[in-house]
Amino acid sequence: MSPKLLSQITVHAFLLWVSMGFLMPVGILIIRMSNREECGRRLRIMYYAHAISQTLALLLATAGAVLSIKNFNNTFNNHHQKIGVALYGIIWLQALIGILRPQRGSKGRSVWFFAHWVLGTAVSLLGILNIYTGLQAYHQKTSRSIRLWTIIFTTEISFIVFFYLLQDKWAYMQKQGVILGNEPRRPHGHDKEVSQQDKP
């Protein structure tokens, strides 16, 4: 493998890592967090942060696709290339659906929301999967170790998933007194029985 081809593969990997492995999941996380936001100003900031992160992800993924089509031997005989082609098509379809967003309260809004959610989830999952298959393809091409990069990427995705699940339960945990503990604890059945026995 020539040094030029190796550098092109590295750039391709970096573009797709930032796009599919970081910006896309973070954009989903931001819009998920906005569901509980009541302040109009913060809601707008979160919406634009989501739109900007997804647009950047789309542009970087497109640049990575152009680079691979132009410089690599695309025989489509491995999972990485096959998933990549499907992924590029879904990304642009998702972007088009995002642009054609109907007004809130209109008839097609529910169908649009479901389609946008399904495609967004599919793009994120396929993107993460394809980074792992890309690392394997890189290892097969160069015989270089990918252990460190696999650990770094797995750690990053685990943190994003943990934060996604945590913010989903954050309000519930606060109400249980686990985090803030400001609300009075509700008496359980046993507590009621004890209080009844204590009465004269």
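The figures that follow rest on heavy atoms only: side chains count, while hydrogens, waters and symmetry mates do not.
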[atom1] of [X] to [atom2] of [Y]: how many Å apart, nearest 0.5 Å?
X      : Y      : atom1 : atom2 : result
Ile128 : Ile157 : CD1   : CD1   : 4.0 Å
Ile30  : Met46  : CD1   : CE    : 8.0 Å
Ile91  : Ser124 : CD1   : OG    : 10.5 Å
His12  : Thr10  : NE2   : OG1   : 10.5 Å

**Message:** Quick check on the hydrophobic clustering: are Ile31 and Phe162 connected, directly or via other members, by side-chain heavy-atom contacts under 4.5 Å?
**Reply:** no
**Message:** According to a hydrophobic-cluster definition based on side-chain heavy atoms being under 4.5 Å apart (Ile, Leu, Val, Met, Phe, Trp, Tyr only), do Phe163 and Ile152 belong together?
**Reply:** yes
Hydrophobic clusters join Ile, Leu, Val, Met, Phe, Trp and Tyr when side-chain heavy atoms are under 4.5 Å apart, directly or via other members; which others share one with [X]?
X      : answer
Val118 : Phe114, Trp117
Tyr47  : Tyr48
Leu100 : Leu96

Which atom pairs, donor and acceptor, lie under 3.5 Å between side-chain atoms of residues 78-86 and protein residues at least two apart or in another chain?
residue, atom, partner, partner atom, Å
Asn78, OD1, His80, N, 3.1
Asn78, OD1, Gln81, N, 2.8
His80, ND1, Asn130, O, 3.0
His80, ND1, Asn130, OD1, 3.3
His80, ND1, Thr133, OG1, 3.2
His80, ND1, Gly134, N, 3.1
Gln81, OE1, Phe76, N, 2.6
Gln81, NE2, Asn73, O, 3.3

Output all residues satisfying side-chain contact (heavy atoms from CB on, under 4.5 Å) with [X], sequence neighbours left out; order by chain, then residue number.
X      : result
Phe159 : none
Leu125 : Thr121
Trp112 : Ile97, Arg101, Pro102, Arg109, His116
Thr55  : Leu59

Using atom types as modelled, flag every donor-acceptor pair under 3.5 Å from a side chain in residues 64-72 to any protein atom, sequence neighbours excluded.
residue, atom, partner, partner atom, Å
Ser68, OG, Gly64, O, 3.4
Ser68, OG, Ala65, O, 2.7
Asn71, OD1, Gln8, NE2, 3.4
Asn71, ND2, Leu67, O, 3.1

**Prompt:** Are Gln54 and Val123 close enough, and set up right, to give a side-chain contact (heavy atoms from CB on, under 4.5 Å), and what steps lead you there?
**Reply:** CA-CA 11 Å; Gln54 302 306 277; Val123 164; over 6 Å; no
**Message:** Test of understanding: with side-chain hydrogen bond (donor to acceptor under 3.5 Å, both in side chains), list the residues that count as partners of Thr62, not counting sequence neighbours.
**Reply:** Trp92
**Item:** For Tyr88, side-chain hydrogen bond (donor to acceptor under 3.5 Å, both in side chains) partners two or more places apart
**Value:** none
**Any donor-acceptor N/O pair, Thr154 side chain to Ile151 backbone, under 3.5 Å** = no
Counting only pairs under 3.5 Å, give me each side-chain donor-acceptor contact of residues 14-29, with atom names and distances, residues two or more places apart or in other chains.
residue, atom, partner, partner atom, Å
Trp17, NE1, Glu156, OE1, 3.0
Ser19, OG, Ala57, O, 2.5

**Message:** Would you say that His139 contacts Thr150 through its side chain, given a criterion of any heavy-atom pair below 4.5 Å between the two side chains?
**Reply:** no
